[in-house]
Amino acid sequence: QKTAYEIYQCDWSSDVCSSDLLDIRGLSFFNAFEAALKEFRGIRKNGTLELILDRKKNFIEAFENWAKRKGYRISDMDDDNRMIRLFIKK
């Protein structure tokens, strides 16, 4: 599995790469998942969606399982005690 940094790296001159940030802290699971799915549909091939998740809510495993079932690459960064950054690459 690649690190979050490796997944996040991108050739910004390429039209097949994009990266978006979505902060879903404070949302219910259903609303967070719906917002993430909507945002992910707009991600181009090889693009990355960065999700900001509330560490207190247990959404991380559900997003990781969804991404794995779809065949997407995932990585997370635990760089803050209040949030988790989860990267999902298409």
Rounded to the nearest 0.5 Å, what separates atom [atom1] in [X] from atom [atom2] in [Y]?
{"X": "Asp54", "Y": "Phe59", "atom1": "CG", "atom2": "CZ", "answer": "8.0 Å"}
{"X": "Leu21", "Y": "Glu39", "atom1": "CG", "atom2": "CD", "answer": "8.5 Å"}
{"X": "Lys57", "Y": "Ser28", "atom1": "NZ", "atom2": "OG", "answer": "7.0 Å"}
{"X": "Asp20", "Y": "Leu51", "atom1": "CG", "atom2": "CG", "answer": "10.5 Å"}
{"X": "Thr48", "Y": "Glu50", "atom1": "OG1", "atom2": "CD", "answer": "9.5 Å"}

Legend entry - Under 3.5 Å donor-acceptor, Lys56 side chain and Arg82 backbone: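 No.
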Legend entry - N/O donor-acceptor pair under 3.5 Å between Asn65 side chain and Glu61 backbone: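 Judged by distance alone, yes, a pair lies under 3.5 Å.
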Legend entry - Side chain proximity check, Asp76 to Arg85, heavy atoms < 4.5 angstrom: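 No, their side chains stay 4.5 Å or more apart.
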Legend entry - Salt-bridge criterion met for Arg25 and Asp23 (N-O under 4.0 Å):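 Yes, charged N to carboxylate O under 4.0 Å.
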Inset, instruction - Check Leu22, Ile52, Leu53, Leu49 against Leu86 for a side-chain contact (heavy atoms from CB on, under 4.5 Å) and give me the one that passes. - result: Leu53
Inset, instruction - Find out whether the Lys NZ or Arg CZ of Lys89 is both under 6.0 angstrom from the six-membered ring centre of Tyr72 and within 45° of the ring's axis. - result: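 Judged by the rule, Lys89 and Tyr72 form no cation-pi pair.
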Inset, instruction - Evaluate the criterion side-chain contact (heavy atoms from CB on, under 4.5 Å) for residue pair Ile74 and Phe63; output intermediate values, then yes/no. - result: CA-CA 9 Å; Ile74 57 167; Phe63 280 104; over 6 Å; no
